[in-house]
Colleague: 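Structure in structure tokens, see below.
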Number of protein chains: 2
Amino acid sequence: MEKDKIDKKDHILDVAEKVFADLGYDGASTRTISGEAGVNMAMLNYYFGSKEGLFLAVFKRKIDSFRTLLQNIGSDESMNAWDKLDKCIDNYVERIIANNCFQKLINREVSMNKRGDLTDKIIEILMVNVYEVKRIMEEGVNNGLFYKDVDVPLVIATLFGTKNYIVNMPQLSSLILGHDIRDEKFMENELKPRVKTYMKRLLKAYLVNEHDNSK
Amino acid sequence: MEKDKIDKKDHILDVAEKVFADLGYDGASTRTISGEAGVNMAMLNYYFGSKEGLFLAVFKRKIDSFRTLLQNIGSDESMNAWDKLDKCIDNYVERIIANNCFQKLINREVSMNKRGDLTDKIIEILMVNVYEVKRIMEEGVNNGLFYKDVDVPLVIATLFGTKNYIVNMPQLSSLILGHDIRDEKFMENELKPRVKTYMKRLLKAYLVNEHDNSK
DNA sequence: TACGCTTAATCAATCGTTTGATTAATTTTG
DNA sequence: CAAAATTAATCAAACGATTGATTAAGCGTA
């Protein structure tokens, strides 16, 4: 039946997404993916043409949800820059920290130097998110809500970088935090609100401060 | 001659570091590394035992030098926590942002969920550095120099995460910053002092602030 | 000669991919 | 409607290429 075919392809993509995230593109073999998905190895090539085709299919499936993540927030006229930034942080912590294996996959492949065709597409998608946040912050700077000399690009690096550091290196951040962040309960009840509070305080402290350099 | 042997080993490590960073651990073959270094393939195993041994040798060479640097800062009694943190930031920007291929290498391998002693060893060594910074910050909290309710683990995530975000995804951060960060001149004359200033202001604003949540 | 270094040749294992055969589903035909 | 023809889906097996690693012979120097 047609529906079963789609479900099976989707199941393969689900498994491939996780295996790619866990082992990397090179580390994930077609045998491992097919084995984990419970399908014959040849099915990967039958459905997706090649290993790279499978990887691209995994990636493309996620594109739409990422494209619309923040656009609604940015265009809401009823909120000021503070509220928008608040909502951005909430959304990122909820959506991206929770479901992180795709983020790991992306960041690892982008950090490679020798994968130009694939990298450009990923960069383009990531920039959509970045640009929304950038616009919000510049709005806050322009109307005087934020301190005029804030370094917007580097604040973005902090916002996304802090998040990446936690989710991309769970073993390391678990040691730093003193809990296993892969524990669902801890993640949901403690880490998420903690990261939200921290990020808001951190950005607030910096964005409104006059950056007095005197000692 | 003894000296030549050491120089050759060092040259192999230099090349291996770059190839590992560009292609990842799995993507970098021993043939590619030996070919790039201009030595026979068997020399890698002769000198370093195995591919993993070579990787660990690359890794240890970098981390050891950096650990001693951090420890010197941390144990300096003439500086308070502020000055130490200042110096940490300066050193990180100078040493790690400039020579970034090693950082990319580490972060990519740690972000894998691949089980094995290789990842564990990397984590273990990385934690030594993390603890040094953590110790400095807790020192500042304990003697009242920093605000008592700061979230030290997450500040560490910000400190390292911001840096990682910039150096691990140069294509993306170049777009955000509006300049190619792989341009040596821009990196040296603009980005480095800019990141230093930003990180210090950001951490200072957060660490001394009372985190007023009222609007 | 004896020893440390270097090499080409080679190993078994694994890689991504392809093949040919078989089964299941669908369409066409009488 | 039923039989035949066609297409789609699935599988085990094997392909050539490449992987990390090892071997034994050759090299230069002390």
Side-chain angles (χ1 to χ4, degrees), chain A residues 1-59 105 108-109 112 114-115 117-118, chain B residues 1-60 105 108-109 112-119 121-122:
Chain A
M1 214 182 239
E2 180 73 8
K3 184 130 185 301
D4 290 343
K5 191 188 70 182
I6 295 179
D7 287 349
K8 173 164 273 185
K9 286 181 75 169
D10 244 30
H11 174 244
I12 293 176
L13 289 173
D14 286 337
V15 173
E17 180 179 321
K18 176 171 175 30
V19 177
F20 274 134
D22 286 346
L23 306 176
Y25 181 82
D26 293 308
S29 72
T30 55
R31 282 171 178 80
T32 301
I33 295 173
S34 62
E36 204 100 359
V39 301
N40 189 273
M41 213 174 40
M43 296 308 298
L44 305 188
N45 297 79
Y46 178 76
Y47 279 134
F48 307 103
S50 65
K51 183 184 182 183
E52 181 171 327
L54 172 59
F55 183 85
L56 276 173
V58 169
F59 175 73
L105 169 61
R108 185 164 48 247
E109 297 310 319
M112 302 266 194
K114 289 266 169 115
R115 207 160 268 142
D117 51 337
L118 211 75
Chain B
M1 210 182 244
E2 181 72 9
K3 184 128 186 297
D4 290 343
K5 190 187 72 181
I6 294 178
D7 287 348
K8 174 166 273 186
K9 284 180 75 169
D10 246 29
H11 174 244
I12 293 176
L13 289 174
D14 287 337
V15 173
E17 181 179 322
K18 178 172 170 31
V19 177
F20 274 133
D22 286 345
L23 305 177
Y25 180 80
D26 293 307
S29 72
T30 54
R31 282 170 179 81
T32 302
I33 295 173
S34 63
E36 205 102 358
V39 302
N40 189 275
M41 212 178 48
M43 297 305 298
L44 305 188
N45 293 315
Y46 179 76
Y47 280 135
F48 307 103
S50 66
K51 182 186 182 181
E52 181 172 320
L54 171 61
F55 183 85
L56 281 173
V58 169
F59 184 74
K60 268 201 159 77
L105 164 62
R108 189 165 43 243
E109 297 310 319
M112 309 255 192
N113 277 351
K114 186 168 46 181
R115 291 274 157 243
D117 44 348
L118 181 64
T119 306
K121 287 176 188 168
I122 298 178

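As a basis for the values below, the full set of heavy atoms in this structure was taken, side chains included, without hydrogen atoms, waters or symmetry mates. Throughout, protein chains are lettered first and strands after them, A, B, ... in sequence-line order, and every chain is numbered starting at 1.
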Colleague: May I have the distance from B/K9 (atom NZ) to C/dC5 (atom C1'), rounded to whole angstrom?
Modeller: 13 Å
Colleague: When you compare the side chain of B/V39 with that of B/V15, does any pair of heavy atoms fall below 4.5 Å?
Modeller: no
Colleague: Between C/dC15 atom P and B/R31 atom CZ, what is the distance in whole Å?
Modeller: 15 Å
Colleague: For A/N40 and D/dA12, is the shortest distance between a side-chain N/O and OP1 or OP2 below 4.0 Å?
Modeller: yes
Colleague: May I ask you to verify if any side-chain N or O of B/K8 is less than 4.0 angstrom from the OP1 or OP2 atom of C/dC5?
Modeller: no
Colleague: Check whether NZ of the Lys or CZ of the Arg A/K9 lies under 6.0 Å from the centre of the six-membered ring of A/F48 and within 45 degrees of that ring's axis.
Modeller: yes
Colleague: Passes side chain to side chain contact (heavy atoms under 4.5 Å, CB included), A/Y25 versus A/E52? Steps please.
Modeller: CA-CA 9 Å; A/Y25 181 82; A/E52 181 171 327; 3.4 Å; yes
Colleague: CD1 of A/I12 versus P of D/dA9: gap in Å, rounded?
Modeller: 11 Å
Colleague: Does A/T30 have a side-chain nitrogen or oxygen under 4.0 Å from the phosphate oxygens OP1 or OP2 of C/dG16?
Modeller: yes
Colleague: Which of these nucleotides, D/dT10, D/dG20, C/dC15, is closest to any side-chain atom of B/S29?
Modeller: D/dG20
Colleague: Output the rounded distance in Å from CG (A/N45) to C1' (D/dA13).
Modeller: 15 Å
Colleague: Does D/dT10 have its OP1 or OP2 closer than 4.0 Å to a side-chain nitrogen or oxygen of A/Y47?
Modeller: yes
Colleague: Grab the CE-P distance between B/M41 and C/dT7 for me, whole Å please.
Modeller: 12 Å
Colleague: I want to check a possible cation-pi pair here: B/K51 against B/F20, using under 6.0 Å from ring centre and within 45° of the ring axis as the test.
Modeller: no
Colleague: Is the phosphate of C/dC5 approached by B/Y46 (side-chain N or O, under 4.0 Å from OP1 or OP2)?
Modeller: yes
Colleague: Quickly work out the A/M43 CE to C/dT18 C1' distance and round it to whole Å.
Modeller: 14 Å
Colleague: Side chains of B/L13 and B/L54: does their closest heavy-atom pair fall under 4.5 Å?
Modeller: yes
Colleague: Tell me the interatomic distance from A/L44, atom CG, to D/dT10, atom P, rounded to whole angstroms.
Modeller: 12 Å
Colleague: Please report, rounded to the nearest Å, how far the P atom of D/dT19 is from the OH atom of B/Y25.
Modeller: 14 Å
Colleague: The side chain of B/A42 lies closest to which of these nucleotides: D/dG20, C/dT6, D/dT22?
Modeller: D/dT22
